[in-house]
Number of protein chains: 2
Amino acid sequence: MTAPLRVLIVDDDDLMRAGLRAVLSSDETIQVVDEAADGAQAVTRVREARPDVVLMDVRMPRLDGIAATREITATASQARILILTTFEDEDYIFGALHAGASGFLLKRTRPEQLIAAIHAVAEGDSLLSPSVTRTVIERMARSPQPDPAGGRRLRSLTPREREVLELVARGLANAEIAATLVVEESTVKTHLKRIMAKLELRDRVQAVILAYETGLVRPGEAPVRGVPRP
Amino acid sequence: MTAPLRVLIVDDDDLMRAGLRAVLSSDETIQVVDEAADGAQAVTRVREARPDVVLMDVRMPRLDGIAATREITATASQARILILTTFEDEDYIFGALHAGASGFLLKRTRPEQLIAAIHAVAEGDSLLSPSVTRTVIERMARSPQPDPAGGRRLRSLTPREREVLELVARGLANAEIAATLVVEESTVKTHLKRIMAKLELRDRVQAVILAYETGLVRPGEAPVRGVPRP
DNA sequence: CCGGGCGTACCCCCGGAGGGGTAGCCGGAC
DNA sequence: GTCCGGCTACCCCTCCGGGGGTACGCCCGG
């Protein structure tokens with residue numbers, strides 16, 4: 001048997017922390033190494049106690065569980081974070097998952113399942129409460145993106161043309177694209193003319209839109225070029 | 001006790017269908033009402049047999065399970081669809097979820113869990129195999145979207161300016177925006193000037209990018225205006 | 001009552017974008 | 001060998017987009 005899993009409990013409610021500690025101490029494969037009463041404490045305690053798994057509440061003073069999760073996963077910490085909350089709020093769920101949480105459980109989860117979940121996330125697995133799973137799936141179903149039909153349109157472009165289109169969608173002017181690809185601006189213009197003709201676009205703006213709609217570029221991939229220089 | 005759950009088995013492999021039928025028939029709360037050997041059959045059988053739950057394979061001739069799922073959920077069918085496949089392919093997973101599947105299980109799932117899963121999806125819950133959950137969560141963590149920081153930038157715009165920005169991001173030319181808002185084009189230009197000054201953007205292309213990056217508009221929301229008219 | 005934000009509207013000016021057409025060069029297909 | 005697709009590169013010309021500045025009515029808040 002390996003060493004017990006090191007767990008950090010984060011919750012602003014004293015009773016809840018005590019309860020969790022009691023539940024977890026019944027399992028000899030788990031060792032509660034420390035507690036924190038808010039997100040800010042959690043961040044420092046993680047650094048000090050180096051837990052394997054963090055049980056994280058969401059609603060807390062000072063720094064909420066989502067922000068704390070973001071902090072912790074942003075640092076090189078190996079700690080896996082398991083959100084444990086009463087509220088099945090959509091913003092919480094997606095906020096936590098984007099922040100890098102490995103799981104999202106509701107506090108109504110039964111003790112045995114909580115223990116199983118801690119082991120699961122420690123192993124690298126992820127898990128969600130069933131109703132949370134449902135919410136996540138519904139969101140995915142609602143926002144279908146990488147439009148396969150649009151992708152088909154893009155396939156009529158040559159590799160070079162796709163490359164130009166992508167740079168257009170990054171906000172570059174023709175001269176900048178030319179510099180990037182090390183060709184003349186006139187060449188870029190020629191490519192662009194063909195692109196717009198093939199895709200039946202009116203101007204580069206519609207080209208940018210198509211690039212986003214087809215998933216050629218995606219939100220979050222490209223920092224908006226801050227070039228206020230005219 | 002209510003009537004047994006009506007289940008349709010869809011798999012191109014005869015043995016697999018037989019096996020599933022055997023497993024499910026051991027449970028008296030489940031009634032296998034029909035089978036289909038490919039996606040096209042599945043679509044028609046769903047119409048005829050009106051199952052509560054469809055166990056759907058992915059890799060099949062004629063019409064694959066993803067496409068069949070899309071067909072079925074697109075119609076008014078109440079059938080809930082549970083994907084059951086050997087392959088943990090990312091495209092399969094996200095394709096299926098976008099197509100409206102209620103769950104995604106691997107064929108290595110144990111019989112009891114499969115039966116439990118069928119009941120769960122029939123109840124309206126959703127569920128994923130643990131490793132699939134992991135994949136889904138990782139994808140969410142990788143693509144954080146409705147950028148809250150970007151949203152903050154947008155808040156410096158007046159309502160009217162946001163409205164103009166959105167139309168710009170839909171690919172409209174200034175004159176078209178003017179017509180849409182029933183104002184003069186010169187007014188649109190004035191708004192646009194202020195927008196670009198406030199957000200430190202160089203041209204409307206960067207405005208479109210910012211609109212997508214901040215979630216003011218999202219892929220899939222706006223059909224690309226097909227206006228090849230010059 | 002008066003300042004200021006907002007929405008509206010114009011002016012002049014010019015540079016980049018986009019339409020149309022032409023052309024050389026290269027590599028692979030036939 | 002020949003032909004075609006892809007990449008490169010120009011020319012000319014038009015016009016929309018964007019910079020800078022001004023202005024006026026409206027409504028809200030101090």
Side-chain angles (χ1 to χ4, degrees), chain A residues 152-212 216-217 224-230, chain B residues 152-212 216-217 224-230:
Chain A
R152 210 170 304 129
R153 292 180 70 185
L154 290 185
R155 253 179 278 128
S156 68
L157 300 182
T158 68
R160 197 55 158 174
E161 286 165 352
R162 266 192 296 275
E163 206 169 345
V164 170
L165 175 54
E166 185 172 339
L167 293 174
V168 168
R170 301 285 193 217
L172 303 208
N174 291 343
E176 296 169 327
I177 296 173
T180 304
L181 299 180
V182 202
V183 295
E184 288 306 305
E185 182 175 346
S186 61
T187 304
V188 174
K189 289 181 122 191
T190 303
H191 283 311
L192 222 20
K193 276 189 276 194
R194 299 224 179 100
I195 291 171
M196 296 193 290
K198 283 183 183 177
L199 303 178
E200 297 185 298
L201 301 171
R202 202 175 36 178
D203 49 43
R204 64 206 292 110
V205 170
Q206 299 196 338
V208 173
I209 294 172
L210 187 119
Y212 272 97
L216 208 213
V217 301
V224 179
R225 283 171 48 84
V227 186
R229 290 281 127 262
Chain B
R152 210 170 302 131
R153 293 180 69 184
L154 290 185
R155 253 181 277 128
S156 68
L157 300 183
T158 69
R160 196 56 157 175
E161 286 166 352
R162 267 191 295 274
E163 206 169 344
V164 170
L165 175 54
E166 184 172 338
L167 293 174
V168 168
R170 300 283 192 222
L172 304 208
N174 290 343
E176 295 169 327
I177 296 173
T180 304
L181 299 180
V182 202
V183 295
E184 289 306 305
E185 183 176 346
S186 61
T187 303
V188 174
K189 287 182 128 192
T190 303
H191 283 311
L192 222 19
K193 276 190 276 193
R194 298 217 181 106
I195 291 170
M196 295 193 292
K198 284 183 183 177
L199 303 178
E200 297 184 298
L201 302 171
R202 200 174 39 178
D203 50 41
R204 63 204 294 111
V205 170
Q206 299 196 338
V208 173
I209 294 172
L210 188 121
Y212 272 97
L216 208 212
V217 301
V224 179
R225 282 171 49 84
V227 185
R229 290 279 127 263

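Heavy atoms only: backbone and side chains are in, while hydrogens, waters and symmetry mates are out.
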Taking only distance into account, with no hydrogens and no angle test, what donor-acceptor pairs under 3.5 Å do side-chain atoms of residues 191-199 of chain A form with protein atoms, sequence neighbours excluded?
{"from": "A/K198", "atom 1": "NZ", "to": "A/S156", "atom 2": "O", "distance (Å)": "3.1"}
{"from": "A/K198", "atom 1": "NZ", "to": "A/E161", "atom 2": "OE1", "distance (Å)": "2.8"}

End axis versus end axis in the helix from C/dC1-D/dG30 to C/dC30-D/dG1, the angle rounded to 10°, five pairs used at each terminus: 40°

Test item: A/N174 side-chain N/O and A/I177 main-chain N/O as donor-acceptor pair under 3.5 Å: no

Distance, rounded to the nearest Å, where B/E161 contributes CD and C/dG5 contributes C1': 10 Å

Atom-pair distance (NZ on B/K198; P on D/dG19), nearest Å: 15 Å

Where B/V205 and A/V205 come nearest, the two heavy atoms and their spacing: CG2-CG2, 4.1 Å

Closest non-hydrogen atom pair, A/V208 against A/A169: CG2-CA, 3.9 Å

Sugar-phosphate, base or nothing in reach of A/T158, heavy atoms under 4.0 Å: sugar-phosphate

Residue-phosphate contact under 4.0 Å: A/S186 side-chain N/O, D/dC10 OP1/OP2: yes

Whole angstrom value for the distance that separates C1' of D/dG6 from CZ of A/R194: 8 Å

Value in whole Å for how far the C1' atom of C/dA23 lies from CD of A/E184: 16 Å

Interatomic distance where CZ belongs to A/R160 and C1' belongs to D/dT8 [whole Å]: 9 Å

d(CD1, A/I195; P, D/dG6) in whole Å: 13 Å

A/R162 (side chain) donor-acceptor with A/L154 (main chain) under 3.5 angstrom: yes

Main-chain N/O of A/R202 paired with A/Q206 side-chain donor or acceptor, under 3.5 Å: yes

Any A/H191 side-chain N or O less than 4.0 Å from OP1/OP2 of D/dC7: no

DNA chain C: 5'-proximal contact among A/T190 and B/V182 (nearest heavy atom): B/V182

Rounded distance (Å) that lies between atom P of C/dA17 and atom CD of A/Q206: 16 Å

Side-chain N or O of A/T187 closer than 4.0 Å to phosphate OP1/OP2 of D/dA9: yes

Quick test: give all pairs of protein nitrogen or oxygen and nucleotides 25-27 of chain D nitrogen or oxygen below 3.5 Å, distance rounded to 0.1 Å.
none

Counterpart residues, side chain to side chain donor-acceptor pair (under 3.5 Å), relative to B/E166 (two or more places apart): B/R170

By side chain to side chain donor-acceptor pair (under 3.5 Å) - contacts of B/E163 (at least two apart): B/R160

All N/O contacts under 3.5 Å from nucleotides 16-18 of chain D to the protein, with atom names and distances to one decimal?
{"from": "D/dG17", "atom 1": "OP2", "to": "B/N174", "atom 2": "ND2", "distance (Å)": "3.4"}
{"from": "D/dG17", "atom 1": "N7", "to": "B/K189", "atom 2": "NZ", "distance (Å)": "3.4"}
{"from": "D/dG18", "atom 1": "OP1", "to": "B/R204", "atom 2": "N", "distance (Å)": "2.6"}
{"from": "D/dG18", "atom 1": "OP2", "to": "B/R204", "atom 2": "NH1", "distance (Å)": "2.9"}
{"from": "D/dG18", "atom 1": "N7", "to": "B/K189", "atom 2": "NZ", "distance (Å)": "3.1"}
{"from": "D/dG18", "atom 1": "O6", "to": "B/K189", "atom 2": "NZ", "distance (Å)": "3.0"}

